[in-house]
Amino acid sequence: MTVFAGHLPVFLIALPLLAVPLLYLIDRLGANSRNVALLFYALMALAAGVPWLPGFPAEVVAEIGGWPADIGIELRLDALARLFLPVVGVIGLLGTVAADPGEATGPFYPLSFLLLAGSNGLILTNDLFNAYVFLEITSISSYALVGFRRDTRGFESGFKYIVVGSLASVLLLWGIAGLYAVSGTLAFSRFAAALPAVPGRAAVAAAVLVVVGLLTKLGIAPFHAWKADALAGAPRSVAATLAGATVSAYFVVLVRVLTTVPGGIGFGLRPATGGFFMRLSAYVSEFVAAGIPGMLILLSGASIIVGHLTALRQTRLSRLLAYSSVAHFGYIIAGVAVGTVPALAGAFLHAVHHAFMKAGLFLFIPLAADSAERDRITSLTCGRTAPALVGSAMIFLTMGMVGIPPAAGFASKWILVLETARAGAPFAAILIALGGAIALVYYLRLSLAAVGRTRSSSPRRSPADVRVFAAFLVCAGYVFVAFWATDLLAGIAISVAETTLGGGG
Amino acid sequence: MKRTTAALIVTVLVVLAGFAASELPSEAERAEPVNHAIRSLADTGAVNAVSAVLFDYRAFDTLGEATVIITTAMIVAFLAPQARASMLSVRMSGIVLYGVVLLLPFIAVFGLAIMLYGHISPGGGFTGGVVLSTSAVLYAVVYSAGGQQSYVLAPATNKMIENVAMTAFLAVGFFGMAASGAFLANAATGIGLGTPGSLLSAGTIPLLNVISGLKVGVGLAIIIISLFLE
Amino acid sequence: MSSAQFSNAVAATVRSPLLDSGGLLVAATIAAFSLLAFAFVAAGVRRRFWWWVAASVHVAAGVLLPFTRDLLSFFVLWEMVTLGAVGVLAFEPDARRLLRLYLPLQLLAAALLMSAFGAHYGVSGSLLLPVQGLEAGAGVALAALSIKAAVIPVHLWMTRTYTAVRPETAVVLSAVATKIGVFGMYRLISGGPTLEIAGGAVAVVGVIYALRQKQLRHFLAFHIVSQVGYMIAGVGSTVAFAGAGGLFHLANNVVYKGLLFMVVVMLISRFGHSNIYRMNGAGRSMPVLAVVAVVASASISGLPPFNGYVSKTVIEQFLSSPVAVALLRIAGVGTAISFTKFLWYCFFKRAEPRGAGREDTCDEIVGDNAHSVPARSRPAGGGVAVDGRPAAHASARRRIAIAVILSLACVVMGLAAVAIFPALPADAAVTLESFRFGLVPPAIGVLLFALAYSRLRPALERLPSATLYTRPLSTGATRLLRALQEQHSGDVRRYLGWILMGLIVIWAVVIL
């Protein structure tokens, strides 16, 4: 077990990479590589769950080439990685399984594996530059998958994604160089020791570059605008993977950066006294004085407002969902920025829940739309396969997004609201709570449009339909089960948050 | 108006970045000295410290970067199918045709040399691969003229080499894992570092040089040729 | 961390309920009334199985809510009340429009409540029900509770929904949602004279708007607003007895307001429309109903010995702010005017000839089958019964019986007030002297109706309606959203500009 455990981080990255030549070989031999690909992907998703087995060590460090972190690269399967690896694996699997066989030709499955390898690498690596390399693998394969339909809209989406993503990469690289120049190290675990507790302006500026790059990848306002354009042209299964799995991997890197670079998180507003303007100026100066966390709180507030309000007027479901993601990552970043253990736990929990809810709603589109092009909300239906079930599951998922009790989204949102308020960011708390009320308006529009109408135009049911159906139901099922398991999940999230904060210093 | 705004944004960015960078510490002030160059010869047996970093200390990054190139090649080949008619309808003159024939072997040998001697002299897999790819591109561009396409290697072979190289890179990694318990391990596997400065030294570094050189060379060739012939 | 103790908030409430007399009274009244209301609905119309499930969730959550000990359970039950109502509304013929009205404000209330709980938790570190009101975020919580209680100007979700659903549905809905809002104020807000005055003002404004209504259900809906004002004045007071009075008023209101809704349902199903002025003396054809209506009107107007009298006097007696008392007295007179009008036009006066008033042009046609019948083909105000359903007699008799039970309850709750709710002051009983004292405001009301109502009507018509603030709000919102959408029109250069400008701002703030 221990020997295997020590190698697991490497396997989680190397095996998906190995899948690329493997699939090529199978294709060369003339066999159908799809089933092999799906099976292999399922195995990788299972492997991502292995760290949860009893007896698995709490933290596994794999030194690549045998070099320690100060001179080489190491992979670290710690609590944070253990939490997000299965999310990336399972949602990636759902997205891949649900892929339309007509679209999933050529390098589709190899690209999916590259995406998985990149995401796993992002989650596992303890080295900032190595993270950049995996970020490039992830980004480039996702650019391709976004434009995979090879129609005008796909190309347009892919193009916008590439342009904005490249700028993000450049900023990130710039920031990484800066951090390396200041600290002399690239390992997350060594930043705390290599930088003074109150870092100088060069270090802060570099950290801001890294953070802005990652926020752009996540889609936080004002760096969010590409998101709807990119996801709207992507094949739906890809959109589900990107909005659920890939984003979680970027999020993990952001958390690692923020928790290891001194001054990255931790924000508390002291209650101010005096008249309105006195108090206002006191608040503003505290935001400024807080540095990066203060900025993150402001950005998260902007994301929540802009995301929800822009989503209100969208006529296409994929764009609506993309803007809703902007708002939800606003919630999550607010939880991260205040930097207390329970708030961070709430952020983790919400990130996981949101991944499943969003992936589920993206998978609803192929079920509900007549063709991949038509995801106009007014033309959506509840599909042909068990429309009542699909309709209720969709409503349930939207309840989760809004944050209404028997759906998991409520639990994580509740924790986020309470803990951001307690940690001294009441504005964030109010915005998170209010966000749901706005979200309800557009999700209600969706529910009212889709429920009660079934699809009749094409009479035959394809096996792909069944696979999408199953993947969609898995997401909805997760959202249901996770609510009743909130105590368990919150406990896990808290222990993860404790280790993450403790480990980073 | 748009251009002025852009210029303004860039100016402000540069000023701010300069202000921030004015505080960068000197080498002596840093808490963690960067010491790859000092210890690389003893650790890896490679005279070229850059190769030691690229193919040993941080070989994992190299694996990733090579994967990026493969991914890009895969995407470009998919998006711009090579079967499309050639845009280069101009026939090259005889001087060009023969000149290229004369040049090609030298370019190829130069590329191979850079690749093979990467661990003892400046160069390495990446640079060698780029040089190799130029020979393939040159050949394709010159001899495809006139609507007929000809390559040094057929596109399918290119892809095959690419995939084999990727497998080989991973195989070297797994070899290290099997022999010493660390993925991509070099000296620790006990294969011997040899005499520094000789061709067969520095353990797996020359091997990885060749593998990544092939990956990069073939990958770039695929990318550039695909874009040319579109 | 206490905020993550999620193991089934509802079960926690059932396992260790918070038993105090106020909560018990509210829960018991809501439960008992809702059972009768269910019987009332079942007697007249057929509803789908899931309608009953949704309605039961709505009521059950409302019944459980007074027993919660912690804020999480409170919030979950609060949301379940909303969800149940949403389920009920989803079965209405006009569900889409109704939900669009009902849900956003409800969710806004939930969001505000959630953030108020967050603020309280932030200061106190505890999620237990606060003893002395929320320590922080009380203002936000008050806003949330006001929305739920349908206080003007955030009453639209209630007045526009209860008047647009099928009539029987309003009977069930009227008992829970607004009452939960008021009860929440009792539990969560420490209160003070300001809240008393606010309650009084809501009572007055509610009555004024109720006076101008000509449709039965609009009239009742605005009286809910006005009655909520009384309750807020009571529970918003720091005086314990005033709070008890407020709660007792809440319980009474569940009974007589529900009873009034039942009366209205029966009038509507008898006449097929709901115009107050064209009921054509229903008292002659429906004498029992007329008696029931008189009892309910007397209760709501605070006539002894009915229950409304007791709670109103207790509230007015113990309020600390004289302004609030004065406002409540005015509202009491207004209520009396309004219900005299209701009784007079619906049960005693013959209908005004068609075309005599402006109101005849826009009648609201209601009833279960109203949607299938074109409005023109309906008999309008001629006293023709349109209720053609078989067994209508038996169903009407059962409904009348339920109404009679409730009107008896009005009397019993008035006569045995202290026995039913021991938290009331011991002298809150109906005595001979109270008759002399309590008859005054209703008498003034009747007198004013007789002398001045016809002159008052045109003035009331000219009052500003809610579009005064809904229209600028909605145009402003539309403009904002359109601007936002234009900013996201797909211009990559603009996106890049935002990223760089964001970076500049953050850098500038963090470095300089």
Side-chain angles (χ1 to χ4, degrees), chain A residues 156 159-160 163-164 167-168 171 201 204-205 208-209 212 216 222-223 225-226 228-229 288 291-292 294-295 299 306 309-310 312-314 341-342 345 402 404-405 410-411 414-415 417-424 426 429-430 432-437 440-441 444 448 484 486-487 490-491 494, chain C residues 1 3-9 72 75-76 79-80 82-83 95-96 99-100 103-123 125 127 136-137 140 480-482 484-485 487-488 490 492 494-496 498-503 505-507 509-512:
Chain A
E156 193 190 333
F159 173 71
K160 285 176 184 168
V163 171
V164 178
L167 178 63
L171 295 180
R201 62 170 182 262
V204 172
V208 164
L209 279 171
V212 165
T216 310
F223 320 117
W226 58 272
D229 289 330
V288 171
I292 294 177
M295 290 301 103
L299 293 184
V306 171
L309 290 185
T310 315
L312 269 178
R313 266 177 78 88
Q314 300 306 318
V341 168
V402 176
I404 298 175
F410 166 69
W414 172 264
I415 297 176
V417 169
L418 262 63
E419 295 302 342
T420 46
R422 187 162 73 150
I430 289 176
I432 295 173
L434 281 181
L440 178 89
V441 177
L444 187 65
L448 292 178
W484 301 106
T486 296
D487 284 347
I494 284 171
Chain C
M1 162 175 109
S3 75
Q5 293 306 310
F6 259 92
S7 42
N8 205 341
L72 173 60
F75 187 79
V76 170
E79 290 279 65
M80 280 172 66
T82 309
L83 271 187
R96 276 152 212 254
L99 286 178
R100 248 178 240 144
L103 261 180
L105 267 176
Q106 292 294 322
L107 258 283
L108 178 67
L112 290 172
L113 193 70
M114 196 193 235
S115 36
F117 286 178
H120 169 76
Y121 178 67
V123 174
L127 272 181
V140 180
L480 172 72
L481 296 183
R482 196 173 299 147
L484 262 179
Q485 202 180 20
Q487 289 298 313
H488 293 85
V492 184
R494 182 179 286 155
Y495 298 173
L496 296 181
W498 282 0
I499 295 177
L500 292 180
M501 281 195 274
L503 177 63
V505 170
I506 298 176
W507 259 3
V509 169
V510 173
I511 308 174
L512 297 179

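Keep in mind that what you see is a predicted model, and the values were worked out from it rather than measured. Here is how names work: the chains are called A, B, and so on, in the same order as the sequence lines, proteins then strands, and each is numbered from 1.
Distance CZ/C:R100 to CG/A:L444: 7.0 Å, rounded to 0.5 Å. Between atom CG of residue C:L496 and atom CH2 of residue A:W226 there is a gap of 12.5 Å, rounded to the nearest 0.5 Å. A:I404 contributes atom CD1, which lies 8.5 Å from atom OG1 of C:T82 (distance to the nearest 0.5 angstrom). Rounded to the nearest 0.5 angstrom, A:L171 CG and C:I499 CD1 are separated by 7.5 Å.
For A:P426, no part lies under 4.5 angstrom from a heavy atom of chain C. Only the side chain of A:L440 comes within contact range of chain C, with at least one heavy atom under 4.5 Å from a heavy atom of that chain. With a 4.5 Å cut-off on non-hydrogen atoms, A:V288 touches chain C through its backbone and its side chain both. With a 4.5 Å cut-off on non-hydrogen atoms, A:L434 touches chain C through its backbone and its side chain both. With a 4.5 Å cut-off on non-hydrogen atoms, A:L309 touches chain C through its backbone and its side chain both. The contact between A:V163 and chain C is made by backbone and side chain atoms together, counting heavy-atom distances below 4.5 Å. Residue A:I430 touches chain C through both its backbone and its side chain, counting heavy-atom pairs closer than 4.5 Å.
Side-chain contact between C:F117 and A:V417: absent, with no pair of heavy atoms (C-beta onward) separated by less than 4.5 Å. Taking 4.5 Å as the limit, some side-chain heavy atom of A:D229 sits within range of a side-chain heavy atom of C:Y495. Counting only heavy atoms from C-beta outward, the side chains of A:R313 and C:L484 never approach each other to under 4.5 Å.
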### Query
Do A:L418 and C:L72 pass the side-chain contact (heavy atoms from CB on, under 4.5 Å) test, and can you show the C-alpha distance, the side-chain angles, and the key distance before you say yes or no?
CA-CA 10 Å; A:L418 262 63; C:L72 173 60; over 6 Å; no
### Task
Start with the C-alpha distance between C:I511 and A:V208, add both sets of side-chain angles, then the distance that settles side-chain contact (heavy atoms from CB on, under 4.5 Å), and finish with yes or no.
CA-CA 10 Å; C:I511 308 174; A:V208 164; over 6 Å; no
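Contacts with chain C were tallied for A:M295, A:Q314, A:E156; A:M295 has the most, counting heavy-atom pairs under 4.5 Å. If you tally non-hydrogen atom pairs under 4.5 Å between each of C:L108, C:V492, C:L481, C:V510 and chain A, the highest count goes to C:L481. Considering only heavy-atom pairs separated by less than 4.5 Å from chain C, the leading option among A:L167, A:V402, A:L299, A:T216 is A:L167.
A donor-acceptor pair under 3.5 Å links the side-chain atoms of C:W507 to the main chain of A:A205, judged by distance alone. Using modelled atom types, no side-chain atom of A:R422 and backbone atom of C:V123 make a donor-acceptor pair closer than 3.5 Å.
The distance between the ring centers of A:F223 and C:W498 does not fall below 6.0 angstrom.
Minimum interatomic distance between C:G502 and A:P222 (heavy atoms only, all atoms of both residues): CA-CG, 4.2 Å.
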